[in-house]
Amino acid sequence: MIKIITQHVAIPKIENDISDEIEQAVKEIIKDVRNRGDEALIEYAKRFDGATLSKLKVSEDEIKEAYDRMDKEYLEVVKRATNNIMEFHMHQRDKGFITLQHGALLGQKVTPIERVGIYVPGGKAVYPSTVLMNVIPAKIAECPYISVVTPPRADGTIADEILACCYLLGVSAVYKIGGAGAIAALAYGTQSVEPVYKITGPGNAYVAAAKKQVFGTVGIDMIAGPSEILIIADNYANPAVVAADLLSQAEHDAMARCILATTSEKLANAVKEEIEVQIRELPKHDICRASIDNNGLIVICDKIEDCFDISNELAPEHLEIMLPDPVSFLPKVKSAGSIFLGEYTPEAIGDYYAGVNHTLPTNATSKFSSALSVETFLKKSTFVCYNEDALKASKDDVVLFATHEGLVAHAKSVLSRIEE
């Protein structure tokens with residue numbers, strides 16, 4: 001049963017650190033994939049996914065056939081969601097800039113990352129939305145090569161929904177590999193798997209540990225933990241709606257964190273009762289029960305400002321503001337992965353359809369990081385071009401700076417261009 005506390009009680013922290021056992025297991029898997037390549041990946045597919053594979057790469061025919069098999073009504077929904085996601089992310093495309101400063105030309109050149117790999121959870125799970133949320137920004141960034149890795153089912157196939165989205169978006173390659181081995185293959189390459197320069201996409205603790213360990217060889221988007229939601233609501237909120245939204249995150253993971261911060265004790269008690277009613281009707285009630293009992297919390301605050309103080313401290317992945325005129329409260333939000341405003345904006349609308357990205361920072365990392373975006377798949381290089389007059393005008397300042405730092409060769413590199 002969800003716990004109710006007051007704001008004066010310290011909110012327990014959840015430690016999402018990856019265990020030493022997982023870190024060590026992942027280290028061995030990465031080493032094995034680097035040494036044995038495809039052979040190791042095929043063995044891991046058998047061990048972890050129960051799949052007997054003869055090849056790792058999904059053929060173009062398999063991808064097209066999956067697309068053709070798709071339910072047409074569902075496919076139209078996917079296309080509408082794709083359009084919404086594309087339209088939103090198009091606004092994030094950075095074209096760089098050029099400026100003149102003291103007679104010199106300066107600027108910033110924006111270049112797409114040439115090779116990116118997307119991890120999509122698979123096996124029993126089917127998350128085509130993960131394909132959309134990661135591939136679309138990479139496409140808008142104009143990355144030339146985009147591959148997808150996803151664990152196979154026991155029969156060695158990939159769900160049609162995932163392959164159909166890959167076909168719709170024109171993914172370069174799809175591989176039937178998952179877990180830490182897939183991350184290692186993307187980072188270092190194998191006989192079948194082409195290496196990439198950056199890896200994005202969610203996964204379990206083994207995937208997170210692998211991304212952490214290969215970072216530096218490749219870039220990563222983030223190290224994501226269990227899902228989180230924090231709802232700020234007052235006595236005007238509908239308790240059935242609040243309870244439903246808390247449970248929508250609870251069904252993700254037994255470790256998911258679901259919090260309501262409210263000024264209304266009446267709402268708090270009503271939401272607690274509603275959760276107990278609704279949870280029994282959910283197919284994943286066991287997962288929801290574990291999440292709610294272990295990590296669910298209702299905090300009763302003295303005033304709305306206190307609710308936002310709690311939210312900013314916890315920096316949740318998802319923040320719902322169920323208050324009258326919710327937009328007016330946006331300035332009070334300092335840290336949140338994605339913000340959902342008003343009672344008609346469930347977090348689920350962002351997961352699938354609205355256009356915002358659902359790959360978000362967790363475990364309070366929104367204090368220093370952002371949602372996955374087009375910028376995730378871009379890199380920036382500055383450039384500068386001085387002419388002779390501009391260098392002459394600046395030489396004394398640069399020489400003085402360099403000599404104060406004891407870097408005489410720096411100073412001489414300037415003077416060699418000016419002195420006769």
Side-chain angles (χ1 to χ4, degrees), residues 1-5 10-23 25-26 48-50 119-127 129-130 133 150-151 153 159 178-180 201-212 222-231 242-261 271-299 311 314-320 336-338 346-348 350-352 358-366:
M1 187 171 289
I2 197 166
K3 294 177 284 291
I4 299 179
I5 65 172
I11 297 176
K13 291 184 177 179
I14 295 179
E15 299 297 334
N16 287 331
D17 291 339
I18 300 167
S19 71
D20 291 342
E21 291 80 6
I22 291 178
E23 291 275 15
V26 166
F48 299 128
D49 304 309
Y119 188 93
V120 178
K124 293 180 181 178
V126 180
Y127 296 124
S129 59
T130 298
M133 293 293 178
T150 188
R153 296 179 290 197
N204 62 18
Y206 289 87
V207 171
K211 287 169 73 175
K212 181 180 176 183
M222 62 188 77
I223 301 172
S227 190
E228 307 159 348
I229 187 169
L230 190 148
I231 299 174
V242 174
D245 285 9
L246 291 172
L247 289 168
S248 74
Q249 291 307 295
E251 74 174 347
H252 270 298
D253 190 330
M255 290 297 294
R257 185 164 223 193
C258 312
I259 297 176
L260 166 64
V271 169
K272 184 176 182 178
E273 292 177 7
E274 272 291 336
I275 286 174
E276 293 307 308
V277 171
Q278 294 183 28
I279 200 169
R280 293 193 293 267
E281 302 170 355
L282 296 173
K284 295 186 176 182
H285 60 270
D286 289 342
I287 294 174
C288 291
R289 173 55 66 195
S291 169
I292 290 296
D293 288 355
N294 297 327
N295 301 316
L297 204 59
I298 298 176
V299 188
S311 177
L314 295 177
E317 178 187 16
H318 307 101
L319 171 61
E320 290 189 2
S338 191
E347 182 275 331
D351 270 354
Y352 300 111
H358 77 198
T359 307
L360 304 168
T362 62
N363 200 25
T365 56
S366 65

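Values below: all heavy atoms of this structure, side chains included; hydrogens, waters and symmetry mates excluded.
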Visitor: Shortest non-hydrogen contact from Thr150 to Gly122?
Guide: OG1-CA, 3.6 Å
Visitor: I'd like to know if the side chain of Thr362 reaches the main chain of Ala224, judged simply by a donor and an acceptor atom lying under 3.5 Å from each other, with no hydrogens or angles considered.
Guide: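 No, because the side chain of Thr362 does not come within donor-acceptor range (under 3.5 Å) of the backbone of Ala224.
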Visitor: List the atom of Gly203, the atom of Tyr119, and the distance in Å for their closest heavy-atom pair.
Guide: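 Smallest interatomic distance, heavy atoms only, reads CA-CE2, 4.3 Å.
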Visitor: I need the minimum non-hydrogen distance between Ser366 and Pro316, along with the two atoms involved.
Guide: OG-O, 4.0 Å
Visitor: So, do Glu228 and Met255 sit near enough that their side-chain heavy atoms are less than 4.5 Å apart?
Guide: no
Visitor: Exactly one of Glu317, His358, His252, Arg257 should register a side-chain hydrogen bond (donor to acceptor under 3.5 Å, both in side chains) with Ser227. Which one does?
Guide: Glu317
Visitor: Between Lys3 and Ile298, is there a donor-acceptor pair closer than 3.5 Å when you use the side chain of the first and the backbone of the second?
Guide: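 Answer holds: no.
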Visitor: Would you compute the distance between atom CG of Leu246 and atom CD1 of Ile275 and round it to the nearest 0.5 angstrom?
Guide: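 Spacing of CG (Leu246) from CD1 (Ile275) equals 5.0 Å.
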Visitor: Please check this pair: side chain of Ser248 against backbone of Asp245, looking for a donor-acceptor N/O pair closer than 3.5 Å.
Guide: yes
Visitor: So do the side chains of Glu274 and Val242 get within less than 4.5 Å of each other, counting heavy atoms only?
Guide: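 SC-SC contact between Glu274 and Val242 ruled out.
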Visitor: Is there a donor-acceptor pair closer than 3.5 Å between any side-chain N or O of Glu320 and the backbone N or O of Glu347?
Guide: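 Yes, because the side chain of Glu320 sits within donor-acceptor range (under 3.5 Å) of the backbone of Glu347.
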Visitor: With a 3.5 Å distance limit and no angle check, can you tell me whether Lys284 reaches the backbone of Ala250 through a side-chain donor-acceptor pair?
Guide: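 Flag not set: sc Lys284 to bb Ala250 has no pair under 3.5 Å.
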Visitor: With a 4.5 Å cut-off on side-chain heavy atoms, are Cys258 and Ile2 touching?
Guide: no
Visitor: Do Arg280 and His285 have side-chain heavy atoms sitting under 4.5 Å apart?
Guide: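 In short, these two side chains do not touch, never coming nearer than 4.5 Å.
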Visitor: To the nearest 0.5 angstrom, please state how far the CD1 atom of Ile292 sits from the CE atom of Met1.
Guide: 11.0 Å
Visitor: Could you check if a side-chain atom of Met222 sits within less than 4.5 angstrom of a side-chain atom of Leu360, using non-hydrogen atoms only?
Guide: no
Visitor: Nearest 0.5 Å, please: how far is OG in Ser291 from CG in Asp286?
Guide: 12.5 Å
Visitor: Is the closest side-chain heavy-atom distance between Ile11 and Ile5 below 4.5 Å?
Guide: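 In contact.
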Visitor: Nearest 0.5 Å please: distance from the CD1 atom of Ile279 over to the CG atom of Asp293.
Guide: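 Reported value, rounded in 0.5 Å steps: 7.0 Å.
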Visitor: Do any N or O atoms from the side chain of Thr130 and from the backbone of Val120 form a donor-acceptor pair under 3.5 angstrom?
Guide: no
Visitor: Please report the shortest heavy-atom distance between Ile22 and Ala209, naming the atom on each side.
Guide: CG2-CB, 4.0 Å
Visitor: Write down the atom of Ser311, the atom of Leu319, and the distance for their closest heavy-atom approach.
Guide: OG-CD1, 3.6 Å
Visitor: Can you check whether Arg153's main-chain N or O pairs, donor with acceptor, with Asp49's side chain at less than 3.5 Å?
Guide: no
Visitor: Around atom CZ of Phe48, are there more than 12 heavy atoms of other residues, nucleotides or ligands at under 6.0 Å?
Guide: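 Count over threshold, so yes.
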Visitor: To the nearest 0.5 Å, what is the distance between CG (Leu260) and NZ (Lys272)?
Guide: 12.5 Å
Visitor: Mind listing the closest non-hydrogen atom pair of Gln278 and Ala243 along with its distance?
Guide: NE2-CB, 3.8 Å
